[in-house]
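The next block holds one structure in the form of structure tokens; read it before the comments.
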There are 2 protein chains.
Amino acid sequence: MTHRTVGHQAGLPDDPRAHVTAPTPECPVEITLAALHGRWTTLVVRELLRGDRSYSELRAALPALSDKVLSDRLAQLGEAGVVERDRRPGWPPRVRYALTPRGRRLGPVLQALWDWGADTPPGTTGPGAAVR
Amino acid sequence: MTHRTVGHQAGLPDDPRAHVTAPTPECPVEITLAALHGRWTTLVVRELLRGDRSYSELRAALPALSDKVLSDRLAQLGEAGVVERDRRPGWPPRVRYALTPRGRRLGPVLQALWDWGADTPPGTTGPGAAVR
DNA sequence: CTGAATCCCTGCCGATACTG
DNA sequence: CAGTATCGGCAGGGATTCAG
């Protein structure tokens with residue numbers, strides 16, 4: 001076979017969830033897409049892959065990201081078990097955001113997304129191939 | 001190292017696109033997410049990973065998917081260079097849909113999405129962890 | 001400093017009907 | 001068989017304002 005990751009059991013072959021006929025939330029692919037769903041989400045995860053961050057550090061790293069969406073994303077990633085909030089006592093309020101072990105395992109996922117998107121210099125096979 | 005695909009250069013370390021501060025379409029991750037964007041898209045790709053299909057075979061495999069969305073998805077995947085249309089002459093019209101080589105390379109991407117979503121039995125770390 | 005609440009606008013997608 | 005045209009409901013997300 002051409003591609004088989006090392007000690008990695010492939011889930012697709014005989015798992016019943018590989019045969020769903022609708023985008024059900026039980027499908028593992030949907031679970032991951034739900035965790036990464038929405039604009040800015042992958043960028044927040046990327047930022048946290050580099051180390052834990054405070055709320056304002058995240059805002060500084062992603063200046064065009066609004067408060068609403070940032071807190072939405074952090075809540076969403078918290079629900080998904082990807083991000084952990086560490087609220088420290090004292091004043092002013094200090095909160096640190098960090099990836100959980102599960103969240104760190106998103107590294108290979110983002111890498112796979114990166115690799116596929118990077119392996120085609122714009123204009124080789126894509127949309128504007130013959131256009132100019 | 002724990003995980004490193006064989007002869008695969010990692011793009012993240014020093015590529016300037018790894019430092020974008022907004023969801024720009026030039027980011028490889030965004031390119032991939034754009035190709036897979038929208039409901040049903042991954043299921044259409046999965047179906048085509050199993051072999052080429054006609055329009056009605058796709059409808060039969062995904063009964064709850066409407067005509068509008070199916071043709072939207074096929075057009076979107078065509079634009080992304082993932083799917084190829086093979087229109088055969090004669091009557092009645094016969095059209096076959098198949099993945100391009102680029103489209104077949106989505107296999108590992110879907111596998112990565114699957115693996116992450118599958119490795120947590122619901123209720124271990126996720127949302128309803130303590131709920132029941 | 002760290003967010004939550006509200007408002008409004010836009011784009012997605014589902015249903016239905018129609019065409020080559 | 002293989003689609004397109006049109007419409008409407010709903011959720012996503014940006015700007016702004018308010019709160020702990």
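Just so it is clear, the values below take in all heavy atoms, side chains as well, and ignore hydrogens, waters and symmetry mates. Quick note on labels: first sequence line is chain A, next is B, and so on, each numbered from 1.
- Taking every heavy atom of both residues into account, B/Arg17 and A/Ala118 meet most closely at NH2-CB, 4.3 Å.
- Comparing A/Arg94 and A/Lys68 along DNA chain C, the residue whose closest nucleotide (by nearest heavy atom) sits nearer the 5' end is A/Arg94.
- Checking C/dC13, D/dG3, C/dT2 against every side-chain atom of B/Val69, the shortest atom distance belongs to C/dC13.
- Nearest-nucleotide mapping onto DNA chain D: of B/Pro93 and A/Ala64, the residue sitting toward the 5' end is B/Pro93.
- Summarising the geometry, the separation between CZ on B/Arg59 and C1' on D/dC1 is reported as 9 Å, rounded to the nearest angstrom.
- A/Trp40 places its CH2 atom 10 Å from the P atom of D/dA15, with the value rounded to the nearest Å.
- Residues B/Arg53 and B/Glu47 are paired through a salt bridge, judged by an N-O separation under 4.0 Å between the basic side chain and the carboxylate.
- Between the C1' atom of D/dG3 and the CZ atom of B/Arg96 lies a distance of 16 Å, rounded to the nearest Å.
- The nearest whole Å value for the distance from the CZ atom in A/Arg73 to the C1' atom in D/dG14 is 11 Å.
- Across the protein-nucleic acid pair, A/Leu43 atom CG and D/dG13 atom C1' stand 15 Å apart, rounded to whole Å.
- Salt-bridge formation is detected for the pair A/Arg59/A/Asp67: a Lys NZ or Arg NE/NH1/NH2 atom is positioned less than 4.0 Å from an Asp or Glu carboxylate oxygen.
- Straight-line distance from the CG atom of B/Leu70 to the P atom of D/dA2: 10 Å, rounded to whole Å.
- Between the CG atom of B/Asp67 and the P atom of C/dT19 there is a distance of 15 Å, given to the nearest Å.
- Within the nucleic acid shown, A/Trp91 has no heavy atom closer than 4.0 Å to any nucleic acid atom.
- Backbone-only engagement by A/Arg85 is indicated by non-hydrogen atom pairs under 4.0 Å involving sugar-phosphate atoms exclusively.
- For D/dC1, the OP1/OP2 oxygens have no side-chain nitrogen or oxygen of B/Tyr97 closer than 4.0 Å.
- At the heavy-atom level, B/Ser56 lies under 4.0 Å from the strands shown only through sugar-phosphate atoms.
- The two residues A/Trp114 and B/Cys27 make their nearest non-hydrogen contact at CZ3-SG, 4.4 Å.
- Rounded to whole Å, atom P of C/dT2 lies 10 Å from atom CZ of A/Arg87.
- For C/dA15, the OP1/OP2 oxygens have no side-chain nitrogen or oxygen of B/Ser66 closer than 4.0 Å.
- Note that CZ of B/Arg104 and CG of B/Leu48 are 11.0 Å apart. Values are rounded to the nearest 0.5 Å.
- Within the structure, a side-chain polar atom (N or O) of B/Ser71 is placed less than 4.0 Å from OP1 or OP2 of D/dT4.
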